[in-house]
Amino acid sequence: MATNAHTEAPGGAHKGPFPPFNAETFASQLVWLAIIFVALYLLAARVALPRVASILESRRDRIAGDLAEAQRLKTESDEALATYEKSLADARSRAQTLANQMREQQNAQAEAARKALEQSLNAKLAEAEKFITVTKAAAMGSVRGIAADTAGAIVARMIGSPPRAAAVEAAVDDVLKG
Amino acid sequence: MGDPIHQFEIKKFFTLGHLGPYEIAFTNSALFMLIAFAIVALLMLVPTRQRALVPGRLQSIAELSYEFIASTIRSSAGNEGMRFFPLVFSLFMFILVVNLLGLLPYAFTVTSHIIVTVALALLVFFTVVIYGFYKHGLRFLRLFVPSGIPIYILPLVTAIEVMSFLSRPISHSVRLFANMLAGHITLKVFAGFVTMLGGAGILGWFGAVLPLGLTVALTALELLVAVLQAYVFAILTCIYLNDALHPGH
């Protein structure tokens with residue numbers, strides 16, 4: 001073919017018309033285009049695109065499902081943590097209560113023991129005081145007898161004869177009263 | 001130097017029969033359409049067979065192409081546009097694979113023939129028109145009557161809208177066709193310079209370096225154009241479908 005073919009008008013020196021405008025080939029091209037394109041369309045619409053769509057959808061579902069599962073597990077662990085913290089707080093407050101109770105009980109016991117001891121001491125004190133009073137009274141009674149005897153003896157020695165017992169006792173009583 | 005038009009010739013392998021006066025043949029064009037179909041089918045079906053939760057490389061490509069087209073439709077035609085997902089997906093994948101196949105040496109570029117791009121553009125055009133009237137009835141015609149326009153220029157605007165609507169399949173198809181045709185001719189011409197200069201002795205070898213570099217650069221550019229034109233065709237399809245879905249401006 002001539003080396004200057006590209007400078008010529010399409011279809012000029014070429015054998016037959018410019019190929020893209022050669023109407024003889026149109027029918028064949030159209031028929032084949034129709035066949036191939038319909039086949040391609042059916043392939044895309046019926047098989048290929050639904051398949052890719054299902055792949056993409058299942059992936060999207062899987063990701064969404066995994067995220068939801070992760071969220072659920074997180075909520076669960078959060079709940080478990082809250083429960084744990086609550087039971088920990090409960091245990092702590094229970095321990096506090098027990099300790100308080102124990103302390104109060106011991107305080108009460110100690111108080112009671114102290115009171116019992118005080119009471120018994122008071123009782124003993126009172127008994128001792130009563131004993132002292134009784135002993136003192138008895139001693140005082142003895143003092144009167146001794147004083148009367150002594151006064152009688154002294155008077156007898158001074159006057160030579162024992163005085164009348166009643167007079168001596170009256171005199172002693174008089175002194176003791178004074 | 002080779003004929004830059006030669007690559008666009010339809011070569012008949014065998015005749016299948018006649019449809020009225022028209023001969024139906026299995027040609028290189030049909031062969032490359034079949035190869036493109038096979039590639040798309042293999043890409044979409046084989047790697048996705050496992051339905052792996054964590055995709056491999058090829059499954060990623062299949063998923064990426066799905067999500068790419070889906071997001072393109074959603075952004076330009078809304079969620080209702082997803083009913084045309086198989087159509088847009090088929091158009092994009094077909095044009096993309098056919099364009100890329102055409103870049104291989106000795107390969108035939110199906111989209112360098114205007115009849116193919118016109119057929120695809122008319123498919124979109126009639127889909128828009130038929131679905132628009134089916135969905136909205138005569139209210140679909142409101143597409144040509146923009147709201148908020150003063151009444152005295154409304155006839156003019158409506159006439160322009162109708163004209164632009166009717167010229168859509170032309171621009172839609174010629175854009176793809178012309179890009180593929182011009183790109184392949186340019187590539188062939190520059191590659192032809194390399195062989196021509198290379199045959200002209202030692203001085204020609206040095207002269208051939210420039211067109212060789214240009215051919216390499218143009219190949220990269222054509223790779224971009226092949227992908228870009230498939231995308232442009234798809235996104236224009238989405239925009240046109242959006243008119244069928246939401247005719248009110």
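Predicted model only: the values in this text are computed from it and were never measured. Lettering follows sequence order; numbering is per chain, from 1.
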Counting heavy-atom pairs under 4.5 angstrom with chain A, the leader among B:Glu67, B:Arg51, B:Met93 is B:Arg51
- B:Gln7 (side chain) donor-acceptor with B:His184 (main chain) under 3.5 angstrom: yes
Scored by heavy-atom pairs under 4.5 Å with chain A, the best of B:Leu45, B:Leu19, B:Leu181, B:Leu34 is B:Leu45
### Query
Counting only N and O atoms by type, is there a donor-acceptor contact under 3.5 Å from the side chain of A:Asp174 to the main-chain atoms of A:Ala170?
no
Applying salt bridge (Lys or Arg N to Asp or Glu O under 4.0 Å) to A:Arg164 and not counting sequence neighbours gives none
Notebook entry, point to check: Centroid-to-centroid, B:Tyr231 to B:Phe68, below 6.0 Å?
Noted result: yes
Under 4.5 Å to a heavy atom of chain A? For B:Phe89 that would be side chain
Which of B:Thr117, B:Val116, B:Leu31 passes side chain to side chain contact (heavy atoms under 4.5 Å, CB included) with B:Val110? It is B:Val116
The salt bridge (Lys or Arg N to Asp or Glu O under 4.0 Å) partners of A:Glu104 (sequence neighbours excluded) come to none
*Is A:Glu111 salt-bridged to A:Arg114, going by a charged N under 4.0 Å from an acidic O?*
yes
Applying a strict 4.5 Å limit to non-hydrogen atoms, the region of B:Phe26 in contact with chain A is both
Original post:
Would you call A:Glu127 and A:Lys124 a salt bridge, using N to O less than 4.0 angstrom?
Top reply: no
One option among B:Val40, B:Leu43, B:Leu16, B:Leu87 has the most heavy-atom pairs under 4.5 Å with chain A, and it is B:Leu87
Given A:Val52, A:Leu56, A:Ile35, A:Leu49, the one with more heavy-atom pairs under 4.5 angstrom with chain B than any other is A:Leu49
Most heavy-atom pairs under 4.5 Å with chain B, out of A:Glu24, A:Arg59, A:Arg62, belong to A:Arg59
Honestly, the part of A:Leu40 sitting under 4.5 Å from a heavy atom of chain B is both
The interface call for A:Ala53 against chain B, heavy-atom contacts under 4.5 Å, is both
Of the listed B:Thr48, B:Val118, B:Leu120, B:Ile114, the one with the largest count of heavy-atom pairs under 4.5 Å with chain A is B:Thr48
Applying a strict 4.5 Å limit to non-hydrogen atoms, the region of A:Leu30 in contact with chain B is side chain
Cut-off 4.5 Å, heavy atoms of chain A, and the answer for B:Leu123 is side chain
**Asked** Are the side chain of B:Asn99 and the backbone of B:Val225 linked by a donor-acceptor contact shorter than 3.5 Å?
**Response** no
When the 4.5 angstrom heavy-atom criterion is applied to A:Ile36 and chain B, the contacting part is both
For the pair A:Ser28 (side chain) and B:Ala25 (backbone), establish whether a donor and an acceptor sit closer than 3.5 Å, ignoring hydrogens and angles.
yes
So, the part of B:Pro55 with a heavy atom under 4.5 Å from chain A: the answer is both
Test side chain to side chain contact (heavy atoms under 4.5 Å, CB included), reference B:Phe108, set B:Met33, B:His113, B:Lys11, output is B:His113
Turns out that what part of B:Ala52 lies under 4.5 Å from chain A's heavy atoms comes down to backbone
Bottom line for B:Ile69: the part with an atom under 4.5 Å from chain A's heavy atoms is neither
The interface call for B:Glu63 against chain A, heavy-atom contacts under 4.5 Å, is both
